[in-house]
Amino acid sequence: MIKKSIVFKFFSLMLLSGMAIGAFAQASPTSDHVALYVKDLKKSADFYENVMMLPVIPEPFHDGKHVWLRTGEHSQLHLIQGAAAVTDHDINSHFAYTVPNLADFTKHLDEMQVKYGNWKQDSKNPQLRPDGVKQVYLQDPDNIWIEVNDDKF
């Protein structure tokens, strides 16, 4: 009888521990949206919709000061009108998107006459990361840096 009780307690503890670990793992944050405070909402919305090819989605404010765009299955970009000025940003502060074919995307950038380049911005040739991922960098109308790469995850 004691052996069954010990075994039952052991398996109960293991089951509860597994549930606690699973619950903890599920509780980690995932990306929902990025909000950018921009100087010229129309200019920024045009850039993200036409240059970055992000679809515009409904936004709840309907006040002419917000544009929301889809950036992934469960993530969004929120543009908010109101920044006092366009300021410089260091390339080290950037956000990144991945595309299925970087050559096709850079061809699109060329057609749109959008400046882009490698990390040093001294060549249009993609930067090659140590893991083999190719990437280019460009700036939005508020000088915010964007990396576009061909990472396959």
Side-chain angles (χ1 to χ4, degrees), residues 14-153:
M14 293 303 290
L15 178 63
L16 289 173
S17 297
M19 289 170 65
I21 291 169
F24 179 74
Q26 293 174 1
S28 64
T30 59
S31 179
D32 180 71
H33 72 271
V34 171
L36 298 178
Y37 201 43
V38 300
K39 173 111 172 100
D40 184 329
L41 183 63
K42 185 174 177 0
K43 195 174 185 180
S44 291
D46 180 68
F47 174 86
Y48 283 100
E49 182 178 6
N50 296 306
V51 174
M52 295 302 296
M53 299 183 285
L54 300 176
V56 174
I57 59 174
E59 57 87 9
F61 299 102
H62 308 291
D63 60 4
K65 296 180 181 181
H66 299 83
V67 173
W68 287 13
L69 303 111
R70 171 87 43 220
T71 57
E73 187 177 348
H74 299 288
S75 60
Q76 305 168 5
L77 174 63
H78 297 174
L79 303 176
I80 306 163
Q81 174 74 42
V86 173
T87 59
D88 288 334
H89 298 277
D90 190 281
I91 197 169
N92 283 294
S93 292
H94 65 269
F95 55 97
Y97 296 104
T98 189
V99 293
N101 187 308
L102 191 58
D104 288 347
F105 186 77
T106 56
K107 181 180 175 192
H108 165 72
L109 294 177
D110 288 335
E111 290 168 357
M112 299 287 296
Q113 299 180 345
V114 173
K115 182 183 173 191
Y116 66 91
N118 60 9
W119 181 266
K120 292 181 183 180
Q121 293 294 292
D122 62 3
S123 168
K124 282 185 160 185
N125 292 327
Q127 183 81 27
L128 188 62
R129 286 191 336 207
D131 60 359
V133 171
K134 290 182 257 177
Q135 53 195 175
V136 295
Y137 296 85
L138 61 148
Q139 289 179 287
D140 78 358
D142 285 79
N143 291 333
I144 295 169
W145 284 100
I146 302 166
E147 171 190 326
V148 180
N149 64 48
D150 66 356
D151 194 350
K152 304 296 185 242
F153 292 90

Would you indicate whether the side-chain heavy atoms of [Y] and [X] approach each other to under 4.5 Å?
X: T71; Y: L54; result: yes
X: L109; Y: L138; result: yes
X: N101; Y: D150; result: no
X: F105; Y: Y116; result: no
X: N50; Y: M112; result: yes
X: K43; Y: P141; result: yes
X: F153; Y: T98; result: yes

Shortest non-hydrogen separation from [X] to [Y] and the atoms involved:
X: N149; Y: E147; value: ND2-OE2, 2.8 Å
X: H108; Y: V51; value: NE2-O, 2.9 Å
X: H89; Y: W145; value: O-NE1, 2.9 Å
X: N125; Y: S123; value: N-OG, 2.9 Å
X: R129; Y: D151; value: NH2-OD2, 3.5 Å
X: I146; Y: M52; value: CG2-CE, 3.8 Å

Test log, rule side-chain contact (heavy atoms from CB on, under 4.5 Å), inputs L102 and V136: CA-CA 8 Å; L102 191 58; V136 295; 4.1 Å; yes
Between NE2 on residue H94 and CD on residue Q135, distance to nearest 0.5 Å: 7.0 Å
Inter-residue atom distance L128.CG - K134.NZ, 0.5 Å rounding: 8.0 Å
D110 side chain to V114 backbone, donor-acceptor under 3.5 Å: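 The answer is no, because no donor-acceptor pair under 3.5 Å joins these two groups.
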Short side-chain to backbone donor-acceptor contact, H66 and D63, under 3.5 Å: no
Any donor-acceptor N or O pair under 3.5 Å, side chains S44, D142: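 Their side chains do contain a donor-acceptor pair, which is all the 3.5 Å distance test asks for.
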List the atom pairs, with distances to 0.1 Å, where a side-chain N or O of residues 78-86 and a protein N or O form a donor-acceptor pair under 3.5 Å, not counting sequence neighbours.
unit_1: H78; atom_1: NE2; unit_2: Q76; atom_2: OE1; d: 2.7
unit_1: Q81; atom_1: OE1; unit_2: L41; atom_2: N; d: 2.6
unit_1: Q81; atom_1: NE2; unit_2: K39; atom_2: O; d: 2.6

Candidate pair L77 and L36, rule side-chain contact (heavy atoms from CB on, under 4.5 Å), full reasoning: CA-CA 8 Å; L77 174 63; L36 298 178; 3.8 Å; yes
Does [X] [atom1] have over 12 foreign heavy atoms under 6.0 Å away?
X: H62; atom1: NE2; result: yes
X: K115; atom1: NZ; result: no
X: E111; atom1: CD; result: yes

Aromatic ring pairing F95/Y48, orientation class (parallel under 30°, perpendicular over 60°, tilted between):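 Rings of F95 and Y48: parallel, under 30°.
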Y137 and W119 aromatic ring geometry - parallel, tilted or perpendicular at 30°/60° bounds: perpendicular
